Participant: 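What follows is a single structure, and I will ask about it in a moment.
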Amino acid sequence: MKALVYRRYGPPDVLNVEDVEKPVPKGDEVLVQVHAASINAADRVLLRGKPFIIRLGMGLSKPKHSILGFDVAGHVEAVGPHVQAFRKGDEVFGASRFGGFAEFACVSEQTLVSKPANVSFEQAAATPTAAYTALQAIGKKGGLRPGERVLVEGASGGVGTFAVQLAKAFGAEVTAVCSTRNAEIARSIGADHVIDCNREDFTRSHRLYDLILGVNAYRPISDYARALESNGTYVMSGGGGTQILQAMFHRFWLPKTGDKTLSNIMARAKKADLLVLKGLLEAGKIKPVIERTCSLSDVPDAIRRLENDHARGKTVITI
Ligand SMILES: NC(=O)c1ccc[n+]([C@@H]2O[C@H](COP(=O)([O-])OP(=O)(O)OC[C@H]3O[C@@H](n4cnc5c(N)ncnc54)[C@H](OP(=O)(O)O)[C@@H]3O)[C@@H](O)[C@H]2O)c1
């Protein structure tokens, strides 16, 4: 099969389309013929092997997994001996552990669900990682309740576009923070208010929020705390090491922030969350924002663009 392979960490140039052996599903794995996959921020991190600390788990001198790609949608080609829920020919989408940028990928039955008929393979592939991260950040971690005021900073990228739509679907009043060029996208996905981060600093206004999601947190954590209602919650999904350390530090330093909760999230693919997302896709309550689609061989260019420009929704690979 064809796959986009990298054998050393580096810039997008180290990615090449090669002929490799088709994987064989073991245990609870499902072999998916991939029709579409999508690029996540984590693929860019794993490609470069930076920050260096990730190499402790992913391979010190070279990557342990030579094919990137978590999110896939396609047809079931074959199933492992313990698979109960799927059979050959089913249309599915979900999150693989690696290997999605290929014609075939093995995905655990636990992180795969059937694709709703009303969404394309491209839309389905755009959903898993970004959407379950947003769902876990505002749901389990953020404890969002209907009627609450939510602010999503970084609202126009993969996680942000889902966070805005999910918060609206859960009955919140949503403020989206993004750059000038992305304000229209934020409005089009249902944000009640849009703050242009190039013109206004939401942490300096007097508006307070019950929940703030820092998709790409880059300010001191005290700035986010200032914009929270008492009892409010701040969750960061991405950002620099300093913010992650601050969030961890604050977890053990609650008196400093009174009754506010400041935390970061380590999202994980879970079947229950994928089923919630499937239901919301089916009901038309969330609609993936796809910035562009490309072929496997165009992925290096697409990643270069994502590194130089801020993302607008998702970039999807059609295979
Ligand atoms: N913790 C977890 O488990 C988890 C899971 C998934 C993703 N993440 C992390 O969450 C973050 C967002 O992921 P994503 O998929 O939404 O990324 P993305 O699609 O690249 O979107 C990032 C958005 O953040 C905004 N932004 C603000 N400052 C930025 C900066 N300095 N560089 C780039 N973008 C900036 C951009 O919008 P504007 O141009 O409009 O400002 C952009 O649209 C990433 O850091 C990713 O690693 C974490």
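In this text the structure is predicted, and so the values were computed from the model without any measurement. Numbering of ligands and ligand atoms starts at 1, following listing order. Hydrogens, waters and symmetry mates play no part in the numbers below; they use all other heavy atoms, side chains included.
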Participant: Over all heavy atoms of both residues, which pair between Met58 and Tyr9 is shortest? Give the atoms and the distance, please.
Facilitator: O-OH, 3.1 Å
Participant: Yes or no: does Glu291 have any heavy atom under 4.0 Å from an atom of ligand 1?
Facilitator: no
Participant: Quick one: nearest non-hydrogen protein atom to atom 37 (O) of ligand 1, plus distance?
Facilitator: Ser156 OG, 3.2 Å
Participant: Quick one: nearest non-hydrogen protein atom to atom 25 (C) of ligand 1, plus distance?
Facilitator: Gly154 CA, 3.9 Å
Participant: Please give me the minimum heavy-atom distance between Ala186 and Val194, naming the atom from each residue.
Facilitator: CB-CG2, 4.0 Å
Participant: Find all atoms of ligand 1 within a distance of less than 4.0 Å from any non-hydrogen atom belonging to Val215, and give their numbers and elements.
Facilitator: 10 (O), 11 (C), 12 (C), 16 (O)
Participant: Looking at side-chain heavy atoms only, is the closest gap between Arg207 and His193 below 4.5 Å?
Facilitator: no
Participant: Write out the residue and atom name of the closest protein heavy atom to atom 22 (C) of ligand 1, then the distance separating them to 0.1 Å.
Facilitator: Asn216 ND2, 3.2 Å
Participant: Could you tell me whether the side chain of Glu173 reaches within less than 4.5 Å of the side chain of Pro146, counting heavy atoms only?
Facilitator: no
Participant: Please list, in number order, the atoms of ligand 1 under 4.0 Å from a heavy atom of Met266.
Facilitator: 3 (O)
Participant: Nearest protein heavy atom to atom 46 (C) of ligand 1, by residue and atom, and its distance?
Facilitator: Ala41 CB, 3.5 Å
Participant: Give a yes/no verdict on a cation-pi contact between Lys115 and Phe121, requiring under 6.0 Å between NZ or CZ and the six-membered ring centre and an angle within 45° of the axis.
Facilitator: yes
Participant: Salt bridge check: are Asp273 and Lys140 linked by an N-O gap of less than 4.0 Å?
Facilitator: no
Participant: In terms of residue, atom name and distance, what is the protein heavy atom nearest to atom 28 (N) of ligand 1?
Facilitator: His310 CE1, 3.8 Å
